[in-house]
Amino acid sequence: MEEKDQKNPAGEGQENKETGKEKETLSGKQMKRRDILKSLATVPVLGVFAWGYYKKRRYDQLIKKVIRDEVGMEYAPPVMSSTPVSGKQLRLGIVGFGIRGPQLMQAAGFLHPAKIDKLREAAEKNPRDKRYQEFMEQEDLNIVFNGVCDVFDIHAQEAMETAANIKRQGTGAKLPDNVKRYRTYQEMMAADDIDAVIIAAPDHWHAPITIEAARHGKHVYCEKPMTWTLPEAYAVRREVKKAGIAFQLGHQGRETESYIKAKEAVEKNLLGKINLIEVTTNRNDPNGAWVYPIHPKASPKNIDWKQFIGQAPWHDFDLKRFFRWRCWWDYSTGLSGDLFTHEFDAINQILEMGIPQYASGSGGIYYFQDGRTVYDVQQEIFEYPDRDMTLLYSATLASSKNRGKVIMGHDGYMDLGSTLNVYADRRSDRYKKLIENGDIKPDVPIYSYVPGRKNPDAITTATEQYFAGRGLLYTYRGGKRVNTTHLHIKNWLEAIRKKTQPSCNIDRGFEEAITNLMGVIAMREGKRVEWDYDKEQIVDLKPVPEKLQETNLKPIEYLG
Amino acid sequence: MKRSCDYTLGQTSFLVTLRTLIGWHFLYEGLVKLTNPDWSSAAYLLDSKGFMSGFFHSLTYKPSVLHTVDFLNEWGLVLIGLGLILGLFTRLSIFSGIVLLALYYLSHPPFPGLVFSVPAEGSYMIVNKTLIELAALLVLYVFPTRIGLDALLAPLFKKKSQR
């Protein structure tokens, strides 16, 4: 470097050398002034920066204010009515311990000791795996499980060990012996040490078990869909209301913060006149298509096959049907009952549109040609002429292209997921001026909500939108993640204790059941189905699909 | 170093201009983060890919560590920015800037096969603007000028050390 400098003794260097000679002759005062000027040479840059910064901030804030005034949405999280657990301990029972059953019990605070070991080991191996910590920190709901019921002995045994694990311990701990296994749900409902039951049996069992529970005054948390057939929907509603029990349908999306904010956005008319809602299922793996593993030890010896069949058409023992029952109309309502019902309830929570007037649809078995009878690609269309809108459900089990959930209106549209984004429509009337002025850009959300975040901001955070959309944000900072199913069970227990209505009560359940079955009938029968709001029945349903109009239970006593 | 002022006027001017521009960039990046109460490096760190990603991910595991990283990044950017513009603690500022840019570069290296959540604003292969800015700081590190507040402070330090 010195060499280089020596080779280049021109310019300032030379000047300095010359001035260096002068230095001795000039007064110290002059030199000092020169040095000070040099050292302060870049200070004015800071002034320019400050001026630019002020202008930019003012512009950003002005735009934010314009949007905020127009949008009128709060960025604070919605007020949730959840309060600390109080009241006496509730005694529960669970019917069905296949896949959803264990998940529900985990959300209620009960996990099998061996699974606790697994979670702990996973957390030790990978510090990012917070499942163990989350489960251990999950709020105690002050409940016990006194009874379990499953027609498969091995699952029943696991259910008992799970239910007894009150203190959330790993293997080796001594477990209490309060838990009883019931061979039939009828015996469980008759037990007097059970106040409430969780139903996670196959879909064709939802209604009979709910009705039996209601008749014994047991409160019910039932998995979706509420019923498998139409008559059951009426019967369940009647019996639940007659018994006055707290009935919660398993649409845990009711507890999702972004849905609650979405409702607020719709109420504030951010979207203008809503005319089309598109909800989708986009799965692409065997597990997502219900090709679940078959337990290696399962056999006719440890499965009560006759009880499993129940009111479904008789079929000889078949392990595939037992473990993958969702694949047959004989026990389920396919994509519609399993996944559309969640989508429907989310939209029903936001728009409160209830049962559609018309349903139509079609589908086929295009990828999983494994002997199933339910469709793996299907679309259902629901018309709401009184609301001037259509709800479209489009599903595939063989492509994971994420199409999300979109509510479309004349002035804007809303992308719904774990985050919420509202965009102005470029042809909107309401936002016309703001778009023309450049205050609103149609490709930047005018409102966005990221749960767990205090102050979402639509303007400066285009970058964050990318992260938020990919679920990368705010999962590890500050607050802990909370399982929505846990909140949904908590909401139900609160309703029992305070004698109030749960968030997805029987009326919402009835709307879900009818809508689901209208769609299924339309698809399977290849016809448009109409709902008569006054008579509360399906109009002109001919020919009658046998399995959806009747039930095999003899006598059909619960039909009234 | 002793001959650092043996530059032409043009050489000095453009070295100082380069330093000021980089300082401006740092200062604004820092202020934007500092004035946004919700800003966090978490998402950026979690998006890290490449051979150093394990380290960057691990910074997000504990809230306390993450808060420290956020704090250091926000104030680091602001102070380095001010330092570069004003020529104050210039060598320290340049050195810190190089360290910070190296971390940014290593957390999101534009290597073939790596795709990040935030699309780049340009097209890069191995070399990106972060690396160029880093190289520019290296140039400033080996070609210091006397323009800046350091020149004003130097006699003070000398006097102090003489005492």
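Naming: A, B, ... by sequence-line order, numbering from 1 per chain. Source: prediction; values computed, not measured.
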- Message: What verdict does the side-chain contact (heavy atoms from CB on, under 4.5 Å) test give for A:Asp35 and B:Leu152, after you've listed the backbone C-alpha separation in whole Å, the side-chain angles of each residue and the deciding distance to 0.1 Å?
- Response: CA-CA 7 Å; A:Asp35 277 350; B:Leu152 207 61; 5.7 Å; no
Greater than 12 external heavy atoms within 6.0 Å of [X]'s [atom1]:
X        : atom1 : value
B:Tyr124 : OH    : yes
A:Arg403 : CZ    : yes
B:Phe56  : CZ    : yes
A:Lys65  : NZ    : no
B:Phe14  : CZ    : no
A:Lys118 : NZ    : no

- Pair B:Arg146-A:Ser39, side-chain hydrogen bond (donor to acceptor under 3.5 Å, both in side chains): steps then yes or no: CA-CA 7 Å; B:Arg146 270 206 199 149; A:Ser39 57; over 6 Å; no
- Note on the structure: Counting heavy-atom pairs under 4.5 Å with chain A, the top scorer among B:Leu153, B:Thr35, B:Leu82, B:Thr20 is B:Thr35
- Measure B:Leu31 against the heavy atoms of chain A and call it side chain, backbone, both or neither at under 4.5 Å. both
- Do B:Leu86 and A:Val45 have side-chain heavy atoms sitting under 4.5 Å apart? no
- Item | Intermediate values then yes/no, side-chain contact (heavy atoms from CB on, under 4.5 Å), A:Tyr53 and B:Leu27 | CA-CA 10 Å; A:Tyr53 185 70; B:Leu27 180 58; over 6 Å; no
- Nearest 0.5 Å please: distance from the OG1 atom of A:Thr42 over to the CG atom of B:Leu149. 6.5 Å
